Peer 1: 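Structure incoming, see below.
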Number of protein chains: 2
Amino acid sequence: MEREQKNIQDKLDEAKHQFIGTIAQNMGLYGVSDTNGRLYGTVLFAKRPMTLDDMSTALGMSKMSMSTGIRALMEADMVERVWEKGVRKDLYQPNDDWYQSFASAFVNRWREAADNNQKAARQAKKDFETFLKEADEPYLIEVLQHDLEKINYALGYYEWLDEVIRIFESGEIFTMVPPK
Amino acid sequence: MEREQKNIQDKLDEAKHQFIGTIAQNMGLYGVSDTNGRLYGTVLFAKRPMTLDDMSTALGMSKMSMSTGIRALMEADMVERVWEKGVRKDLYQPNDDWYQSFASAFVNRWREAADNNQKAARQAKKDFETFLKEADEPYLIEVLQHDLEKINYALGYYEWLDEVIRIFESGEIFTMVPPK
DNA sequence: TTATTCATAAAGTATATACTGTACATAAAT
DNA sequence: ATTTATGTACAGTATATACTTTATGAATAA
C-alpha cells in the first residue's frame, strides 16, 4: 500500500509536469519566457509559498536564474512576495488572477506602441501638409497626396485601436465577456 | 525653384523614414521583426508595387533578406504578390487592411495557445480525478484537492479566453468597436 | 537548345540572449 | 562585534537569431 501511494505521487508529479510544460510553452504570449513559465507553474502548484532555494532544487537550475526569473514574474504581477513569521528567506506565492493578468499583458504590450504610433502619425501628417503647401511640382504633389492618404488611414486605425485597448484597460471587457 | 523642390523631396523622405521607423519598432507586436517592419513601411509608401531588387536598394540590405522578409510579411497577410504584364520579377504591394491584420495577429497568436492549454488542463483534470479515487493517504488527498482547484480555475479561465478570442475571430469586434 | 535572369537554399559570421559560477553587500543571528 | 545566511551584481560561456555571401535550381528569353 505504501508502495502504491508512492506510485500515485510519482504519477501526479508527472501529470503536473506535463501540464506546466504546456502552459509554460505558451506563456511567451504574456511576455514571459519558457523557463520563467515553468517557474510560475512550479510556484502555482506549490502547497506553500516557496523560497528561491526551493525553486532552485525543484527546477534544477541556479539560484541566480530563480532570482531574475521571479523578478520578471513579479513585474508581470504573476507572483507576489509574502512574509511569514520566523522565516528569513523571501517567500513567493502565485498571484493567480489570470483574467487580470491577461488584460494587463494585453494592455501593457499595446498601449505604449499605439500611443507612439499615433504620435508619429500626427507628426507625419503635419509635416506632409506643410510640404504640400510648399510644393509645386506635379509629381511631388501627387506623391504627397498619396502619402497623406496612407497617414489618414493610419490615424483612423490608431483611434480604433485605442478604443479596443481602452476596453481591456478599463475592465469593460469583463462586463462584455463575464469571467466564469 | 528646382533646388527648393529637391529640398522638399529630401525632407519628405526624412519624414517618412521617421514614421516608418516608429511603426517598425512597434511591429514586434504583430510578430514582425524590426527590419521586416521597415520593409513593410517601405512597401506601404511606395507608389508602385516593388520588386525584391527595389527593396534591396531602398533599404541597403541583401536581396536574400528581402526574400525571407517578404515571405514573413506574406504569411502575416501584410503584403501580397501581384502580377503585371511584361514584368518578370515578382511584385509586391501592401495589403493594408490594418483592422483585419490586427485581428489576425491577435487570433493567430492566442488561438493555438488557448486550445493547447485547454486540452492540457482537461487531461490534467482527468488524471487528477483518477488519482484521487486511488489515493487514501490523507496528505496526498489534500494535495490532490488543492491541485484540482487550480485546474478548475484554469479551465474556467480558458473558457473565458476562448470567448474573447472568438470575438476577434468572428469579426464581432468590428460591430462592438466600429472601424473609423 | 543555350544562355540569362531571377528567387531561394546552404553555409558562414556577427550579434543578442539565457544561464551558470563566483564574488560581494546587506541584514539577521550569535 | 563577529559570524552566518541570503539575494543580487558581474563576468564568462553556450545557444539562438539575423544577416550576408556564394551557390543552385527553375523559368523565361534568345
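These figures come from a predicted structure and were not determined experimentally. Protein chains get the first letters and strands the later ones, always in sequence-line order, with residue 1 at the start of each.
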Peer 1: Could you write nucleotides 25-30 of chain D as a row of B, S and -, 5' to 3', where a protein heavy atom under 4.0 Å of any base atom gives B, of only sugar-phosphate atoms gives S, and otherwise -?
Peer 2: ---SS-

Peer 1: Drop me the distance from A:M176's CE to B:E172's CD, to the nearest 0.5 angstrom.
Peer 2: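 Answer for the CE-CD pair, A:M176 versus B:E172, is 9.0 Å.
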
Peer 1: Pick the closest DNA chain D nucleotide for B:S62 and for A:I70 by heavy atoms, then say which residue is nearer the 5' end.
Peer 2: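 In this pair, the answer is A:I70.
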
Peer 1: Not counting sequence neighbours, which residues clear side-chain contact (heavy atoms from CB on, under 4.5 Å) with A:D90? List them please.
Peer 2: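 A:D90 satisfies side-chain contact (heavy atoms from CB on, under 4.5 Å) with A:R81, A:Y92 once adjacent residues are dropped.
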
Peer 1: Linking directly or through intermediates, with side-chain heavy atoms under 4.5 Å: list the remaining ILVMFWY members grouped with A:L91, chain and number order.
Peer 2: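 Cluster partners of A:L91: A:V82, A:V87.
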
Peer 1: Can you tell me the distance, in whole Å, between the CE atom of A:M66 and the P atom of D:dT8?
Peer 2: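 Between P of D:dT8 and CE of A:M66: 13 Å.
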
Peer 1: With sequence neighbours left out, what residues match B:D96 under salt bridge (charged side-chain N to carboxylate O under 4.0 Å, His left out)?
Peer 2: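 With neighbours one apart ignored, the set is A:K150.
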
Peer 1: Suppose clustering is done on Ile, Leu, Val, Met, Phe, Trp and Tyr with side-chain heavy atoms closer than 4.5 Å. Which residues sit in the same group as A:W83?
Peer 2: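 Via sub-4.5 Å side-chain contacts, A:W83 links to none.
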
Peer 1: Please list, chain by chain and in numerical order, all residues satisfying side-chain contact (heavy atoms from CB on, under 4.5 Å) with B:A15, sequence neighbours excluded.
Peer 2: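 Residues passing side-chain contact (heavy atoms from CB on, under 4.5 Å) with B:A15: A:D127, A:F128, A:F131.
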
Peer 1: Answer yes or no: is there a side-chain heavy-atom contact under 4.5 Å between B:Q145 and B:I141?
Peer 2: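 Contact flag for B:Q145/B:I141 side chains = yes.
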
Peer 1: Keeping the roles fixed (side chain from A:S104, backbone from A:Q100), state whether a donor-acceptor pair exists under 3.5 Å.
Peer 2: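 Looks like yes, one N/O pair under 3.5 Å.
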
Peer 1: Please work out which of the three classes, parallel, tilted or perpendicular, describes the rings of A:F106 and A:F102, given edges at 30° and 60°.
Peer 2: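 Rings of A:F102 and A:F106: parallel, as their planes differ by under 30°.
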
Peer 1: Identify each atom pair where a protein N or O and an N or O of nucleotides 9-13 of chain D are less than 3.5 Å apart, giving names and distance.
Peer 2:
residue, atom, partner, partner atom, Å
D:dA9, OP2, A:R71, NH2, 3.1

Peer 1: Give, ordered by number, those residues of residues 23-56 of chain B having at least one heavy-atom distance below 4.0 Å to an atom of DNA chain D; if nothing qualifies, reply none.
Peer 2: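 Within this stretch, B:T35 sit under 4.0 Å of the strand.
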
Peer 1: Under the rule for salt bridge (charged side-chain N to carboxylate O under 4.0 Å, His left out), what residues qualify as partners of A:E149, not counting sequence neighbours?
Peer 2: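 Checked A:E149 against salt bridge (charged side-chain N to carboxylate O under 4.0 Å, His left out); zero matches.
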
Peer 1: Identify, with sequence neighbours excluded, every residue that meets side-chain contact (heavy atoms from CB on, under 4.5 Å) alongside A:A113.
Peer 2: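 Partners of A:A113 under the side-chain contact (heavy atoms from CB on, under 4.5 Å) test: B:N26, B:L29.
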
Peer 1: Report yes if the side chains of A:Y157 and A:Q118 come closer than 4.5 Å at any heavy-atom pair, otherwise no.
Peer 2: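 SC-SC contact between A:Y157 and A:Q118 ruled out.
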
Peer 1: Walking along DNA chain C from 5' to 3', note the first and the last nucleotide with an atom under 4.0 Å from a heavy atom of chain A, and give both.
Peer 2: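 Range of nucleotides touched by chain A: C:dC19 to C:dA29.
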
Peer 1: Tell me which donor-acceptor pairs under 3.5 Å the side chains of residues 53-60 of chain A have, and how far apart each pair is, sequence neighbours excluded?
Peer 2:
residue, atom, partner, partner atom, Å
A:D53, OD2, A:K89, NZ, 2.8
A:D54, OD1, A:T51, OG1, 3.4
A:D54, OD2, A:T51, N, 2.9
A:D54, OD2, A:T51, OG1, 3.2
A:S56, OG, A:M61, O, 2.6
A:T57, OG1, A:D53, O, 3.2
A:T57, OG1, A:D54, O, 2.9

